[in-house]
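Quantities reported herein were computed from a predicted structural model and do not represent experimental measurements. Only heavy atoms go into these numbers, but all of them, side chains included; no hydrogens, no water, no symmetry mates. Chain A is the first sequence line, chain B the second, and so forth, proteins listed ahead of strands; every chain is numbered from 1.
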Amino acid sequence: MVVLLVGMCPGLDENLLRSLRAADIRTVEDLVSSDIEDLAQKCSVSYKALFAIRRVLLAQNTAFPVSGADLYEELLSSTAILSTGNPSLDKLLDSGLYTGEITELTGGPGSGKSQVCFGVAVHIAYQLKQSVIYIDTTGGLTANRLLQMLQTETNNTDEQMEALQRIHTFRLFDVGALLDCLYGLGGGGLHKVCVGGGSVKALIVDSVSAVIAPLLGGKQNEGMSLMIQVAAALKTMAKDFSVAVLVTNHVTRSSSGEVQPGLGVSWSHVPRTRILLERVESGASGRRSATLIKSSRQACLIKEDFDLQWWSRAEGERGGETSGKRKLDETDT
Amino acid sequence: MNAVRMRRPVSSLSLGSSLKGKLVRAGFQFVTDMQDLNPEHLSAEAGVSQQEALEALQAASSGHTVAPVTALELLQKEEEFRNIVTFCSPLDEALGGGVPVGKVTEICGAPGVGKTQLCLQLAVDVQVPAVFGGLGGQVLFVDTEGGFQVQRLVDLAGAAVHHCSLLAEDEEQRVAMTTFTVETILSNVFLVRCRDYVELLAELHLLLDFLSDRPRLRLLVIDSVAFPFLHIHDDLSQRTRLLQGLSLRLIAAATDHNIAVVTTNHMTTRLRSSHVQLAPALGDLWGHAPSIRLLLRWEESRRLASIIKSPGHMDATVQYQITCQGFRDADQSERPQSKRPRTQTDQSASSRENTRT
């Protein structure tokens with residue numbers, strides 16, 4: 001329902017608007033679906049003028065069909081695939097994070113979601129030299145850890161600082177602030193962020209469930225609506241600005257005791273791809289297993305084991321196996 | 001870059017739901033539709049009161065977001081505040097200097113393993129003057145279990161003062177020692193006793209005012225956060241929601257006011273495919289709240305501390321000891337009389353009930 005306002009199209013001025021109101025025509029739908037001849041008589045306006053206004057309004061508010069071929073061409077030229085920096089994860093994601101889509105990482109506490117987000121942010125900022133927007137709602141963002149990861153990529157402090165400057169962080173702790181932030185970025189903030197160099201190619205929200213989960217359930221009725229608002233904002237940003245959106249989510253247990261991603265069925269339609277991270281019981285402390293639980297490109301439930309320390313492995317071990325960041329002797333975990 | 005601007009729907013504004021409903025029904029779908037109207041006009045169009053129209057217009061135009069902080073600036077800010085030492089050097093090393101400021105740290109462990117002792121130690125350590133490498137800050141100690149003992153705090157304070165006075169070398173440090181005495185340490189600890197979760201939540205509501213009055217506050221201890229919530233059995237989903245709201249508030253306080261928040265948690269049993277395991281209480285959803293989790297446990301006669309969750313450090317296990325002077329390294333031979341010796345671990349079912357999310 002779009003309200004008729006002055007200046008919406010040439011010819012729609014105050015007087016005409018007032019007479020239309022008097023005839024109980026308030027929205028574009030009302031105008032378009034009413035009889036023009038009749039209306040022209042009632043409002044004592046020329047038929048031609050009203051017809052012209054109707055045509056302009058129809059043109060402004062209609063959705064035009066796009067051919068599949070054009071859509072394909074557009075996708076080919078605007079979609080980019082961003083590698084996460086970890087080959088096992090890339091394999092699961094069909095070579096990386098796709099721009100224009102939302103990818104979700106889900107897992108229990110300590111499963112490594114934030115670490116993966118750090119690794120992705122550092123990889124995109126340093127290797128791909130693009131800007132990253134990191135929205136942190138958990139308080140877990142530690143710039144020192146980002147620096148540690150960068151220090152294993154390069155020894156040059158200037159390059160490290162440059163990469164750090166490409167990661168733009170927001171720390172928000174409620175859903176209103178999150179929506180303000182997303183719409184602020186969408187309404188022009190993104191351009192301001194790009195000034196430093198490199199366009200924004202990735203938006204990471206860690207975690208989206210921390211701000212939404214407290215609003216769901218019980219006697220609260222706003223929670224679902226706000227969750228869908230956040231989903232709409234993220235999807236629009238991903239599509240319109242060609243960014244890859246990576247979000248993290250918690251897990252809950254279903255009635256049969258199985259682990260499933262949080263935020264319920266309504267949220268499950270939002271991300272295009274979902275990965276579940278779990279700790280590997282045996283093995284070194286950095287090992288995690290990632291399972292693909294939703295994907296439109298690959299068979300589901302393929303599992304990959306990977307090492308959380310991949311993003312901070314030392315120079316000499318590139319292409320090799322795990323490296324201990326710090327070895328402390330004591331009993332084995 | 002295309003010049004697309006995202007239009008913000010009215011239903012995403014933080015206004016009352018009935019007001020939003022009226023606005024949408026009157027045809028104002030996007031914020032841009034109503035931005036240019038004045039309050040009288042809007043209240044006439046949408047059938048809302050002048051007051052509500054004003055509120056709506058304010059919400060529509062106040063989309064001024066916080067400016068982003070680059071990771072470099074964040075790094076510089078992090079280096080401003082030191083960590084709070086625990087006086088157990090392997091643990092401090094594993095944590096990268098100690099308990100970090102600006103994050104929520106959780107200490108879990110079975111009863112009697114030393115969680116309150118570590119909290120008391122941190123309450124003393126945060127007050128170590130800056131010239132000795134400390135923060136010189138105050139501490140708010142929220143006690144929900146009644147485990148706070150002033151006498152023990154006096155012992156720990158005395159030991160810390162003694163330790164620092166031995167280290168004092170130059171004039172500056174000696175001057176600092178005059179303000180670092182057992183009396184001043186005790187006067188910088190603010191104790192609050194909460195008997196149930198309602199009092200705890202109320203106390204944390206008032207926390208922000210408390211923090212703004214006391215800029216020197218650097219540590220908030222909640223011992224324990226589990227105890228008041230373990231008694232809620234009838235409505236587990238309400239418990240989860242309360243905990244999530246609590247965790248957001250703690251994280252916001254830690255980040256915005258640069259304080260270290262330390263909470264203690266109990267252990268509960270988990271049945272994992274027919275074998276029993278000890279896990280921190282309050283469920284998985286609470287597990288996402290702290291950024292760092294320390295697990296204290298016994299193994300034969302040794303006390304071990306493990307880092308089981310941390311964004312910046314690897315999982316590690318160290319040995320520690322609790323002497324009459326407080327939390328210390330395991331190797332110190334200075335009166336290594338353990339506070340409570342045990343000869344046998346009891347890692348199976350604890351006395352706590354099962355909690356599930």
Which residue out of [options] racks up the most heavy-atom pairs below 4.5 Å with chain B?
options                                : value
A:Ala210, A:Ser242, A:Gly140, A:Gly110 : A:Gly140
A:Ala163, A:Ala213, A:Ser114, A:Gly176 : A:Ala213
A:Val230, A:Leu216, A:Leu226, A:Ile133 : A:Leu216

Taking every non-hydrogen atom, the tightest pair across A:Arg279 and B:Asp315: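 Shortest heavy-atom separation between A:Arg279 and B:Asp315 comes out as NH2-OD2, 2.9 Å.
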Non-hydrogen side-chain atoms of A:Asp180 and B:Arg8 separated by less than 4.5 Å: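 They are in contact (side-chain heavy atoms under 4.5 Å apart), so the answer is yes.
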Close side-chain approach of A:Arg145 to B:Pro311, heavy-atom, < 4.5 Å: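 Contact flag for A:Arg145/B:Pro311 side chains = no.
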Do B:Glu78 and A:Thr142 meet the criterion of a side-chain donor-acceptor pair at a distance under 3.5 Å?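 Short answer, no.
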With a cut-off of 6.0 Å (strictly less than), are more than 12 heavy atoms of other residues, nucleotides or ligands near CD of A:Glu258?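 No, the 6.0 Å shell around CD holds no more than 12 heavy atoms from other groups.
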Which atoms of [X] come close to chain B, meaning under 4.5 Å heavy atom to heavy atom: side chain ones, backbone ones, both, or neither?
X        : value
A:Leu147 : side chain
A:Thr137 : backbone
A:Phe118 : side chain

Can you tell me which residue among A:Leu141, A:Asn144, A:Ile167, A:Asp136 is in a side-chain contact (heavy atoms from CB on, under 4.5 Å) with B:Leu74?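 The side-chain contact (heavy atoms from CB on, under 4.5 Å) with B:Leu74 is passed solely by A:Leu141 among A:Leu141, A:Asn144, A:Ile167, A:Asp136.
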Exactly one of A:Arg166, A:Met161, A:His168 should register a side-chain contact (heavy atoms from CB on, under 4.5 Å) with B:Thr70. Which one does?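 The residue from A:Arg166, A:Met161, A:His168 that satisfies side-chain contact (heavy atoms from CB on, under 4.5 Å) with B:Thr70 turns out to be A:His168.
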Find the distance between [atom1] ([X]) and [atom2] ([Y]) and round it off to the nearest 0.5 Å.
X        : Y        : atom1 : atom2 : answer
B:Leu248 : A:Leu172 : CG    : CG    : 11.0 Å
B:His288 : A:Lys113 : NE2   : NZ    : 4.5 Å
A:Thr236 : B:Arg7   : OG1   : CZ    : 11.0 Å
A:Phe173 : B:Thr255 : CZ    : OG1   : 3.5 Å
A:Gln165 : B:Leu75  : CD    : CG    : 11.0 Å

Picking from B:Ser247, B:Ser11, B:Pro290, which has the most non-hydrogen pairs under 4.5 angstrom with chain A?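 Of the options given, most contacts go to B:Ser11.
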Most heavy-atom pairs under 4.5 angstrom with chain A, which of B:Ser12, B:Ser291, B:Gly287, B:Ala254?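 Between B:Ser12, B:Ser291, B:Gly287, B:Ala254, the count favours B:Ser12.
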